[in-house]
Amino acid sequence: MSFITPELMCIVLVSLVAITLLMGFPVAFTLAGGSLIVTLIGAALGVYDPTLLIAFPQRVFSIMTNETLIAVPLFVFMGVMLERSKLAEELLENMARLFGGRPGGIAYAVCLVGALLAASTGIAGATVVTMGLLSLPVMLRRGYDPSLACGVITASGTLGQIIPPSIILVILGDQLAIAYQNAQFEQGIFSPDTVSVNELFAGALFPGLLLVGLYMSFIFIRTLINPNVAPAIEEDTGWSEPGFLLNFIVSLVAPILMIVAVLGSILSGIASPTEAAAVGGSGAILLAAFKLNKSVQKLVLAGVVSFALMLGLAMSFDLRLQVDVLETRDIIAIVIAGLATVVFAIAMSTAVITTYRTLSENGKPVLFEVMGTTMRISSMVFVILIGATMFSLAFRGFGGDEYIEHWLESLPGGTVSAIIVVMLFMFLLGFFLDYLEIVFIVVPIVAPILLQMEVAPGVLMSPVWLGVMMSVNLQTSYLTPPFGYALFFLRGVAPAEVTTPQIYKGVIPFVGIQLSALVILWFFPGLTTWLPGLIYE
C-alpha cells in the first residue's frame with residue numbers, strides 16, 4: 001500500500017489524539033494509548049521502525065529519576081498546605097483594610113495578595129478559587145461592578161503561572177533544557193550550553209511584576225474615569241485602630257519569609273529548585289501549625305529562628321567535619337548548628353503532629369488531606385508526562401518533527417512568523433488542554449526548531465525568553481473566554497447573582513493587558529534575559 005506514508009500516519013496520529021481528547025477521554029491515557037496503537041499499525045504497514053519503542057522504558061526511567069522534577073510534588077505540597085493555613089484570608093483582610101479607603105482599594109488588595117500567593121505557592125487554580133471565595137462576596141457587598149471584580153480575581157489568581165516559583169516554570173524549564181541541548185546538537189555543538197529552571201525563574205520575575213503593575217494601572221485608570229465601579233469604603237479602614245499596623249506587618253512576615261526562603265535561595269544559588277521546594281514544604285508545615293494551634297506558636301518560632309541560624313552559619317563558616325584541621329571558631333559554629341538542628345527537628349515534629357491532629361472541615365486530618373491532594377496532582381503531572389513521552393516518540397518516529405521544522409522554516413517572515421504561529425497554536429490549545437499537557441506535547445516538538453532560529457543576524461533565540469513568552473501566552477489562554485480554565489474555576493465558586501457573561505466581560509480587558517505584556521516582552525527581551533545574565537553569567 002504505497003499510499004500509506006509516514007506523513008499520512010503523522011496526520012492520523014494527531015487526528016486520533018485530538019478527537020479522543022475532545023471526546024473527554026483522560027489526557028494521559030489518550031496520548032499513550034493512541035500513540036501506541038498508531039505506532040503498531042505503522043510498524044505492521046512498514047512505515048514505522050518498532051525498535052524505537054525500546055527507548056520508551058528508558059525515557060520513563062529518566063523522567064522518574066529526574067532530580068528537577070522532584071520539585072513538582074514538593075511545590076504542590078507547599079501550595080496546598082499554605083492554602084490550608086488560611087494565609088490568603090488573613091492577607092486579604094489586612095490588605096483590604098489598608099487600601100479600602102480609596103476607590104478600587106479592595107481590587108488593589110486582590111492584585112497584591114494574588115502576587116504574594118503566586119510567589120509563595122505557585123498554584124494558579126487554587127488561588128483563583130481561594131480569592132473567589134474570600135474576596136468576590138466582599139467586593140459585591142461593597143458595590144463593586146461584578147465584571148470588574150471577576151476580572152481582577154481571575155487575572156490575579158493566574159499570576160501563579162508566571163511569578164516564580166511556578167510549577168509550570170519548573171516543568172517548562174526541564175523541557176526547554178532538553179530542547180536546548182537537542183537544538184545545539186542539531187547545529188553540530190557537542191559541548192552544549194545549558195539552561196536551568198533557576199534561570200527561567202530569574203527571567204520570569206520582572207515580567208510577573210510587570211503584569212501586576214499593569215493590572216493595578218488599569219484599576220487606577222478605570223476608577224479615575226468612573227469611581228462608582230469600585231467605590232471606596234467609607235467607614236474606618238483600620239489605620240486609626242490601635243495595633244493595626246503591627247498586625248498588618250505580622251501578616252506580611254509569613255509570605256515574605258516564604259518568598260525569601262524559596263525564591264531567594266534559588267536566585268542566589270544557595271539551593272536548587274528541588275532543595276528550595278523542600279525548604280518551602282517544611283516552612284509551609286510550620287506556618288500551618290502556627291496558624292492552627294496557638295499552643296505551639298512559640299516552638300514554631302523557635303524552629304524558624306533555628307533554621308535561619310543554621311543557614312547563616314552554613315554561609316559564614318566551614319561546617320564540614322571531614323577536614324584535617326578544625327579551627328576553634330568552626331568548632332563553635334558546628335556545635336551551635338547542631339543545637340539549632342535539634343531545635344528545628346523538634347519544632348518540625350511538633351508541627352507535623354499538629355497538622356495530623358487538627359481536623360479539616362471534611363473531618364479528616366489536615367496533613368492527610370494535604371498529602372492526598374498532593375499525591376493526586378503529582379500523579380496527574382507525571383502520568384501526563386509519560387503519556388506525552390510516548391506521543392513524542394511516535395511523532396518523531398514518523399518524522400513529524402522534520403515536517404514541522406520544514407514548515408516553520410518555509411513560512412514567509414522567517415522567525416517572526418514561526419514564533420507567531422507557535423504562540424497562536426499554543427494559545428488555541430489552551431482552550432481545550434491544561435498547560436501541563438501543552439508543555440509536554442508541544443514544547444519538545446517546536447522548541448528545538450525555534451531555538452535554532454535567529455532573532456537578529458548572528459543572534460540565536462534565548463531559551464529563557466522563549467520560556468517566559470510561552471508561560472505568559474499560556475496564562476493568557478487560561479484567562480480567555482469562552483474556554484479559559486480560570487473562568488470555570490471562578491464560575492464554580494461565584495455567587496448565583498454573578499452571571500457567566502459578567503465574568504467574560506470583566507476578564508476581556510485583562511486579556512488585552514496580557515497581550516500587551518507579550519508585545520512588550522517581544523520588543524524588550526532584556527526584561528527576561530537581564531537578570532539571569534547578571535546572576536548566572
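Keep in mind that the numbers below use all heavy atoms, side chains included, and drop hydrogens, waters and symmetry copies. Sequence positions, counted from 1, serve as the residue numbers for this chain.
Here the side chain of Ser392 pairs no donor or acceptor atom with the backbone of Ala388 at under 3.5 angstrom. Although no hydrogens or angles enter the test, the distance criterion places a donor-acceptor pair under 3.5 Å between the side chain of Gln452 and the main chain of Pro448. Side chain of Ser282 to backbone of Ala278: a donor-acceptor contact under 3.5 angstrom is found. Within the 3.5 Å criterion, the main-chain N or O of Ser196 finds a donor-acceptor partner in the side chain of Glu199. No donor-acceptor distance shorter than 3.5 angstrom exists from the side chain of Trp465 to the backbone of Leu527, with no hydrogens or angles considered. Using a distance-only test at 3.5 Å, with no hydrogens or angles considered, no donor-acceptor pair links the side chain of Gln297 to the main chain of Asn293. A donor-acceptor pair is defined here as one N or O able to donate and one able to accept, closer than 3.5 Å; such a pair exists between the side chain of Ser35 and the backbone of Leu31. With hydrogens and angles disregarded, a donor-acceptor distance shorter than 3.5 Å links the side chain of Thr39 to the backbone of Leu36. Judged by distance alone, with hydrogens and angles left aside, the side-chain atoms of Thr528 form a donor-acceptor pair with the main-chain N or O of Pro525 at under 3.5 Å. Without hydrogens or angle criteria, Ser378 side chain to Met375 main chain gives no donor-acceptor distance under 3.5 Å.
For CE of Met216, the number of neighbouring non-hydrogen atoms (other residues, nucleotides, ligands) closer than 6.0 Å is greater than 12.
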> After noting the C-alpha distance and the side-chain angles of Tyr215 and Gln514, does the key distance pass the side-chain hydrogen bond (donor to acceptor under 3.5 Å, both in side chains) rule?
Replying inline: CA-CA 9 Å; Tyr215 292 167; Gln514 295 283 138; 2.4 Å; yes
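Distance CE/Met348 to CD1/Ile285: 4.0 Å, rounded to 0.5 Å. Here the straight-line distance linking atom CE of Met469 with atom CG of Leu474 works out to 11.5 Å at 0.5 Å rounding. Rounding to the nearest 0.5 angstrom, the gap separating the CG atom in Leu205 from the CG atom in Leu200 is 11.5 Å. Note that the OG1 atom of Thr30 and the CZ atom of Phe391 stand 11.5 Å from one another [nearest 0.5 Å]. With values rounded to the nearest 0.5 angstrom, Arg357 atom CZ is found 14.0 Å from Leu292 atom CG. For the atom pair Met426 CE and Thr476 OG1, the distance stands at 11.0 Å (nearest 0.5 Å).
Between Val170 and Phe201, some side-chain heavy-atom pair lies under the 4.5 Å cut-off. For the pair Phe425 and Val446, the minimum side-chain heavy-atom distance is 4.5 Å or more. Between Phe56 and Ile386, the closest side-chain pair of non-hydrogen atoms falls below 4.5 Å. Using a 4.5 Å cut-off on side-chain heavy atoms (C-beta onward), Val113 and Ser156 make no contact. Within the 4.5 Å cutoff, the side chain of Phe77 has no heavy atoms near those of the Leu74 side chain. Side chains of Ile503 and Val507 form no contact here, defined as non-hydrogen atoms less than 4.5 Å apart.
The minimum heavy-atom distance linking Leu286 with Ala351 is given by the pair CD2-CB, 3.9 Å. For the pair Ala333 and Leu313, the tightest heavy-atom approach, listed with the atom from each and the gap, is O-CD1, 3.8 Å. The shortest non-hydrogen separation linking Val212 to Ala115 is CG2-CB, 3.8 Å.
The closest side-chain donor-acceptor pair between Thr373 and Arg376 falls under 3.5 angstrom. If you check the side chains of Tyr180 and Gln175, you find no donor sitting under 3.5 Å from an acceptor.
Ring-plane geometry between Phe344 and Phe307 is classed as tilted, the angle between the planes lying from 30 to 60 degrees on a 0 to 90 degree scale.
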